[in-house]
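A quick write-up on the structure given underneath.
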Amino acid sequence: MKNDRLEELKQVLLSIVGRKNVIFDERRTLPYRTGIRVGKGKACAVVFPRSLLNFWKVLETCIAFDKIIIVQAANTGLTGGSTPDGDDYDRDIVIINTLNLNQLALLRGGNQILAFPGTTLYQVEKSLSSLNRSPHSIIGSSCIGASVIGGVCNNSGGNLVNRGPAYTEYSLYARLDLEGRLGLVNHLGIALGDKPEEILTNLQNLNFETFNLTESNRLASDTSYHERVRDIGANTPARFNSDERRLYEASGCAGKLAVFAVRLDTFPKPKEEQVFFVGTNKPKRLTHLRKEILSKFKALPDMGEYMHRSYFDGADKYCKDSFLLIKYLGTEILPRLLFAKRVIDNLASSMPIIPDNISDKTLQFVSEIFPNHLPERIRDFRNRFEHYMLILASDTSIKETRKLLMNETSESREFDYIECTQLEGKDILLHRYVAGAAPARFKAINSDESGELLPLDIALPRNCETWNEILPREILCQMAESFQMGHFLCMVFHLDFVVKKGVDSDKLKIQILDALNRAGAKYPAEHNVGHLYKADNVLRRFYRKLDPTNTFNSGIGMTSKNKYYE
């Protein structure tokens with residue numbers, strides 16, 4: 001029952017974490033219960049544990065008081081999966097924010113890492129840099145401060161085709177059984193003790209062997225992903241969130257477990273990298289290029305990204321401020337700025353005298369003062385072509401990529417390519433990294449003509465050749481603006497739409513999903529269901545198995561928000 005023993009709950013939480021580490025005030029909790037793009041709801045408390053043992057005791061308390069638990073780190077999810085959604089839950093919600101629990105341990109000399117709940121991809125990149133190694137994902141997420149465990153829970157990433165999406169079978173997590181008993185499961189492959197207090201204290205103090213670890217058959221990465229991508233004749237996608245092959249305990253759990261730590265593989269940095277920027281006005285040329293790469297290359301490029309001119313222009317106009325901030329100040333500052341922006345917007349929304357989206361409008365105005373930020377050769381390509389492919393090759397794949405592009409260019413005038421200089425390569429990669437923010441900024445700046453934001457994260461079959469013709473014109477004409485890009489080698493696309501004002505976005509979404517179903521698409525591909533997508537039967541069974549009482553992240557994937565899923 002809502003509000004049951006709420007004052008008593010508050011006193012217990014205060015005794016565990018202290019007054020500075022818990023928020024009850026509705027105005028101050030707003031940034032934590034509002035998603036970065038979608039999702040918003042009520043929570044009776046936001047708690048910031050300072051130790052793993054704190055975290056455990058907060059979980060025990062929330063369960064004793066029969067509260068719904070949402071575990072949240074950076075809150076950068078694009079589908080609202082780390083915040084409440086509405087106010088139709090049957091119990092009060094407590095949000096546990098884990099960003100303070102950000103320790104990181106290097107295992108086996110850096111060949112693996114052990115990440116805590118608040119450890120970010122940026123931290124991992126920085127820690128591994130001196131060892132010439134890197135994590136599973138470097139695009140986008142690391143720029144906005146996403147957590148490692150958040151990526152694992154959502155099967156995120158996969159654009160780096162030689163590494164695959166975030167996946168591990170090594171984790172330490174808390175779960176509830178059918179009788180409501182909280183248990184701590186240690187599948188890290190590391191001896192930490194027997195009782196929860198002992199396990200968590202040893203883990204917090206890094207009191208364990210980090211090099212000579214017991215051998216195991218468990219996986220710490222998706223080692224077969226590059227093989228699945230190469231199967232270009234398959235009529236199923238290479239990766240998607242409800243793929244049973246990659247749902248394992250913490251991996252893909254979408255917050256239905258409270259994860260304390262995960263163990264993941266790291267990857268050697270290449271000795272040499274080269275960015276190739278391809279342009280064409282005939283999408284079939286890119287389809288041919290993809291087939292040649294995946295079927296004939298001995299070594300795959302690290303990345304093959306597609307951008308339509310819509311997203312190129314969107315990033316150019318609406319993400320210039322992010323581009324300049326990251327280029328000149330680095331990625332470390334961006335998560336703090338994004339949080340500050342959300343706080344300002346939430347405060348401004350309660351003051352009628354201040355225009356809506358004041359921070360976006362201010363940043364947009366300031367960014368337009370600065371001169372052109374993209375290299376001239378890249379600008380020239382934008383003017384000549386509508387479709388682009390960004391290929392990041394390394395070591396042995398550089399020569400293969402260069403040879404293929406030279407041959408294809410000599411045989412056809414339908415496309416061209418640039419072998420980027422180091423500066424051009426960094427700039428076009430960064431241009432791609434920041435592009436995802438364009439739809440939300442467009443909506444904020446053009447609010448008079450814009451309706452709902454409709455982001456789609458879809459995985460098409462590996463044998464799909466009509467990827468640019470999936471949605472009919474009668475659907476596309478209902479959009480105020482459309483943005484299209486994707487991880488092209490994987491056939492994973494981000495179709496982000498801003499619906500015209502007055503259009504019924506719910507009805508339109510049904511039409512879109514019907515078209516995607518006919519094309520054999522799976523969705524979502526890598527951002528998880530959040531509160532935007534309906535979890536299919538595979539995910540629903542998985543969630544119920546992990547959390548039979550429906551205490552953790554209730555309502556995810558449009559499932560029931562009630563206890564025991566009633």
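- At a cut-off of 3.5 Å, with distance as the only test, no side-chain donor of R239 or N155 sits close to an acceptor on the other residue.
- N553 places a side-chain N or O within donor-acceptor distance of the main-chain N or O of A254, the cut-off being under 3.5 Å.
- Put simply, the side chain of Q72 never gets that close to the backbone of N75: no donor and acceptor are under 3.5 Å apart.
- When all heavy atoms of F542 and E249 are compared, the closest pair comes out as CZ-O, 3.6 Å.
- Shown here is K282, whose NZ atom has no more than 12 heavy atoms of other residues, nucleotides or ligands within 6.0 Å.
- In this model, a donor atom of one side chain and an acceptor atom of the other lie less than 3.5 Å apart for S134 and R163.
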side-chain contact (heavy atoms from CB on, under 4.5 Å) assessment of K269 paired with R133: CA-CA 5 Å; K269 280 188 175 180; R133 298 188 72 84; 5.6 Å; no
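- Between Y311 and F483, the ring planes are tilted. Angles from 30° to 60° get that label.
- For the pair L495/I458, a side-chain contact is recorded, criterion being any heavy-atom separation below 4.5 Å from C-beta on.
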Stepwise side-chain contact (heavy atoms from CB on, under 4.5 Å) test for S482 and S310: CA-CA 7 Å; S482 303; S310 60; 5.7 Å; no
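- Between E305 and R432, at least one side-chain N (NZ, or NE/NH1/NH2) sits under 4.0 Å from a carboxylate O, which counts as a salt bridge.
- Separating the CG atom in L219 from the CZ atom in R263 is a distance of 11.5 Å, to the nearest 0.5 Å.
- Atom OG1 of T266 and atom CD of Q112 lie 7.5 Å apart (nearest 0.5 Å).
- Put simply, the side chain of L300 reaches to within 4.5 Å of the side chain of R230, judged on heavy atoms.
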CA sep, side-chain torsions, deciding dist, call: D360, R441, salt bridge (Lys or Arg N to Asp or Glu O under 4.0 Å): CA-CA 7 Å; D360 278 298; R441 176 66 64 82; 2.6 Å; yes
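- With respect to K298 and E400, no salt bridge is recorded, no charged nitrogen being found less than 4.0 Å from a carboxylate O.
- Residues H308 and H387 form a side-chain contact, since some pair of their non-hydrogen atoms from C-beta on lies under 4.5 Å apart.
- Considering only heavy atoms from C-beta on, T120 comes within 4.5 Å of Q123 through its side chain.
- Between the side chain of E469 and the backbone N or O of T466, no donor-acceptor pair lies under 3.5 Å.
- A distance-only check finds a donor-acceptor pair linking the side chain of N97 to the backbone of L99 [under 3.5 Å].
- Side chain to side chain, S221 and D265 meet the donor-acceptor criterion of an N or O pair below 3.5 Å.
- Side chain of S367 to backbone of Q364: a donor-acceptor contact under 3.5 angstrom is found.
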Residues L289, V278; criterion side-chain contact (heavy atoms from CB on, under 4.5 Å); working and verdict: CA-CA 10 Å; L289 207 61; V278 180; 4.3 Å; yes
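- Screening D243, L247, N241 against V538 for a side-chain contact (heavy atoms from CB on, under 4.5 Å) leaves a single residue, L247.
- Inspection of the R285 and T280 side chains reveals no N or O donor paired with an N or O acceptor under 3.5 Å.
- Test F312, F488, Y417 against Y388 for ring-ring contact (aromatic ring centres under 6.0 Å, His included) and you get one pass: F312.
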Residue pair T119, N102: steps toward the side-chain hydrogen bond (donor to acceptor under 3.5 Å, both in side chains) verdict: CA-CA 4 Å; T119 307; N102 62 352; over 6 Å; no
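- Checking H187 against E169 by side-chain atom types alone, no donor-acceptor pair falls below 3.5 Å.
- The distance from atom NZ of K403 to atom NZ of K296, rounded to the nearest 0.5 Å, is 10.5 Å.
- Formation of a donor-acceptor pair under 3.5 Å by the N281 side chain with backbone atoms of R384 is found in this model.
- Taking the six-membered ring where the residue is Trp, W467 and F493 present parallel rings, their angle staying beneath 30° rather than reaching 60°.
- Residue K317 places its NZ atom among 12 or fewer non-hydrogen atoms of other residues, nucleotides or ligands, all under 6.0 Å distant.
- Comment: K522 does not engage D536 in a salt bridge, judged by the lack of any side-chain N to carboxylate O separation of less than 4.0 angstrom.
- The shortest non-hydrogen separation linking T396 to A299 is OG1-CB, 3.3 Å.
- At least one side-chain heavy atom of V124 sits less than 4.5 Å from a side-chain heavy atom of V148.
- Y533 places a side-chain N or O within donor-acceptor distance of the main-chain N or O of D457, the cut-off being under 3.5 Å.
- Judged by distance alone, the side chain of T401 and the main-chain N or O of S397 form a donor-acceptor pair under 3.5 Å.
- A side-chain donor from one of Y523 and N517 sits under 3.5 Å from a side-chain acceptor of the other.
- By the neighbour-count criterion of 12 heavy atoms within 6.0 Å, atom CD of E368 is densely surrounded, having more than that number from other residues, nucleotides or ligands.
- Rounding to the nearest 0.5 Å places CG of L489 at 11.0 Å from CD1 of I232.
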Worked check of side-chain hydrogen bond (donor to acceptor under 3.5 Å, both in side chains) between E526 and H494: CA-CA 10 Å; E526 60 181 4; H494 300 295; 2.7 Å; yes
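- In the model, S394 has a side-chain atom that pairs as donor or acceptor with a side-chain atom of D302 under 3.5 Å.
- In this structure a side-chain-to-backbone donor-acceptor pair under 3.5 Å is present from K320 to P371.
- Contact detail for L188 and Y170: the closest heavy-atom pair is O-CD2, 3.2 Å.
- The CG atom of N159 sits 9.5 Å away from atom CG of L392, with the distance rounded to the nearest 0.5 Å.
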Residue pair E215, R108: steps toward the salt bridge (Lys or Arg N to Asp or Glu O under 4.0 Å) verdict: CA-CA 12 Å; E215 294 297 326; R108 291 178 167 163; 3.4 Å; yes
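- Remark: the backbone N or O of T236 is paired with a side-chain donor or acceptor of R462 at under 3.5 angstrom.
- In this structure, D427 and H373 have side chains that are not in contact, with every pair of non-hydrogen atoms separated by 4.5 Å or more.
- Taking each heavy atom of L460 and A521 in turn, the nearest pair found is CD2-CB, 3.8 Å.
- Of all heavy-atom pairs between S156 and G150, the closest is OG-O, 4.4 Å.
- With rounding to the nearest 0.5 angstrom, the CG atom of L78 is 8.0 Å from the CG atom of D496.
- At a threshold of 4.5 Å between non-hydrogen side-chain atoms, the residues Y248 and T168 do not count as touching.
- Between E481 and F497, the closest side-chain pair of non-hydrogen atoms is not below 4.5 Å.
- The minimum heavy-atom distance linking A535 with L539 is given by the pair CB-CB, 3.8 Å.
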side-chain contact (heavy atoms from CB on, under 4.5 Å) between L104 and F116, worked out: CA-CA 6 Å; L104 171 68; F116 282 43; over 6 Å; no
